[in-house]
Amino acid sequence: MELTADNRLRKLIVVGDRLLIRPKKQPDKTDSGLYLPPGVQEKEKVQTGFVLKVGPGYPIPMPTDEDEPWKESDERIKYVPLQAQEGDLAIFLQKGAVEVVYQGEKLFIVPQSSVLMLEREQDL
């Protein structure tokens with residue numbers, strides 16, 4: 001299979017309540033016209049980026065109904081889904097994020113608890 005921009009993230013699996021986020025390009029100058037070095041922009045407490053992949057959510061504990069031997073055991077794990085969806089613009093706390101470099105691109109792995117707000121293109 002040929003590796004393209006569309007399918008290169010297909011093999012990645014995000015675990016639990018985490019999101020894979022591509023940081024949004026930050027403006028390199030302030031409203032008053034001062035240019036900011038890259039180190040200042042990356043140290044901001046709040047960052048924005050686009051959600052690329054979403055984990056399955058929070059796992060729900062399995063019930064312990066072992067008193068009925070005739071019941072089939074359903075071994076499937078169930079999850080409470082996350083609010084974020086692929087394509088959302090996420091505003092998140094930099095402190096809770098983990099920066100990774102995947103194939104030369106800087107990405108963030110962010111737990112849902114560090115996400116402050118989501119912007120979605122479609123109406124709610």
Side-chain angles (χ1 to χ4, degrees):
M1 177 158 101
E2 184 180 342
L3 191 65
T4 64
D6 294 334
N7 68 6
R8 71 183 182 89
L9 296 175
R10 186 173 293 163
K11 290 185 178 182
L12 292 179
I13 298 171
V14 180
V15 182
D17 70 329
R18 289 172 176 72
L19 312 168
L20 182 65
I21 296 178
R22 175 184 293 136
K24 186 176 176 185
K25 177 93 169 112
Q26 298 291 331
D28 54 350
K29 68 178 184 176
T30 64
D31 293 337
S32 62
L34 296 174
Y35 284 94
L36 298 172
V40 171
Q41 298 168 7
E42 294 174 359
K43 301 285 188 228
E44 290 289 325
K45 291 183 179 183
V46 177
Q47 295 279 333
T48 60
F50 293 99
V51 177
L52 299 176
K53 303 253 309 165
V54 179
Y58 300 99
I60 299 173
M62 299 292 289
T64 56
D65 293 343
E66 296 183 17
D67 59 338
E68 305 290 342
W70 53 269
K71 281 187 174 179
E72 291 183 23
S73 62
D74 186 18
E75 294 294 327
R76 293 185 31 157
I77 298 175
K78 295 181 174 61
Y79 293 94
V80 175
L82 303 178
Q83 285 182 295
Q85 296 176 0
E86 293 179 8
D88 289 349
L89 178 67
I91 299 171
F92 61 94
L93 293 172
Q94 174 72 25
K95 174 174 70 171
V98 176
E99 181 180 325
V100 294
V101 177
Y102 181 71
Q103 295 183 349
E105 183 179 15
K106 183 170 88 168
L107 303 171
F108 288 108
I109 299 174
V110 182
Q112 179 160 304
S113 60
S114 292
V115 175
L116 301 173
M117 187 168 53
L118 296 168
E119 180 181 322
R120 192 166 293 151
E121 288 297 319
Q122 66 227 17
D123 293 333
L124 299 176

**Complete:** Separation between CD (Glu119) and CG (Leu89), nearest 0.5 Å, reads 5.0 Å
**Item:** Distance-minimising heavy-atom pair for Leu82 and Gly55
**Value:** CD1-O, 3.8 Å
**Complete:** Interatomic distance, CD@Glu99 vs CD@Gln47, rounded to 0.5 Å, equals 9.0 Å
**Prompt:** Between Tyr79 and Tyr58, does the ring centroid distance fall short of 6.0 Å?
**Reply:** no
**Message:** With a 4.5 Å cut-off on side-chain heavy atoms, are Ile109 and Val14 touching?
**Reply:** no
**Message:** Are Gln112 and Arg18 packed together at the side-chain level, in the sense that at least one heavy-atom pair is separated by less than 4.5 angstrom?
**Reply:** no
**Side-chain ion pair, Arg22 and Glu105, N-O less than 4.0 Å** = yes
**Prompt:** Checking Lys53 side chain against Leu12 main chain: does a donor-acceptor pair fall under 3.5 Å?
**Reply:** yes
**Request:** Identify whether Leu93 and Ile91 are in the same connected component of the hydrophobic contact network (ILVMFWY, side-chain heavy atoms under 4.5 Å).
**Result:** yes
**Item:** Closest heavy-atom pair and its distance - Pro111, Gly96
**Value:** CD-O, 3.3 Å
**Item:** Side-chain (Glu86) to main-chain (Val51) donor-acceptor, under 3.5 angstrom
**Value:** no
**Request:** Measure the CD1-CZ distance between Ile21 and Phe50 for me, rounded to the nearest 0.5 Å.
**Result:** 11.0 Å
**Residues that, via side-chain heavy atoms closer than 4.5 angstrom, fall in one hydrophobic cluster with Ile13** = none
**Prompt:** Under 4.5 Å between side-chain heavy atoms, hopping through other hydrophobics if needed: is there a path connecting Leu20 to Val101?
**Reply:** no
**Prompt:** Are the side chains of Pro59 and Lys78 in touch, meaning some heavy atoms are under 4.5 Å apart?
**Reply:** no
**Message:** With rounding to the nearest 0.5 angstrom, report the OG to CG distance, Ser114 to Asp17.
**Reply:** 9.0 Å
**Prompt:** Under 4.5 Å between side-chain heavy atoms, hopping through other hydrophobics if needed: is there a path connecting Leu118 to Val54?
**Reply:** yes
**Message:** Looking at every heavy atom in both Lys106 and Pro23, which two are closest together, and how far apart are they?
**Reply:** O-CD, 3.2 Å
**Message:** If you compare all heavy atoms of Phe92 against all heavy atoms of Gly49, which two are closest, and at what distance to 0.1 Å?
**Reply:** CE2-N, 4.0 Å
**Request:** Find the distance between CG (Leu52) and CG (Asp88) and round it off to the nearest 0.5 Å.
**Result:** 11.0 Å
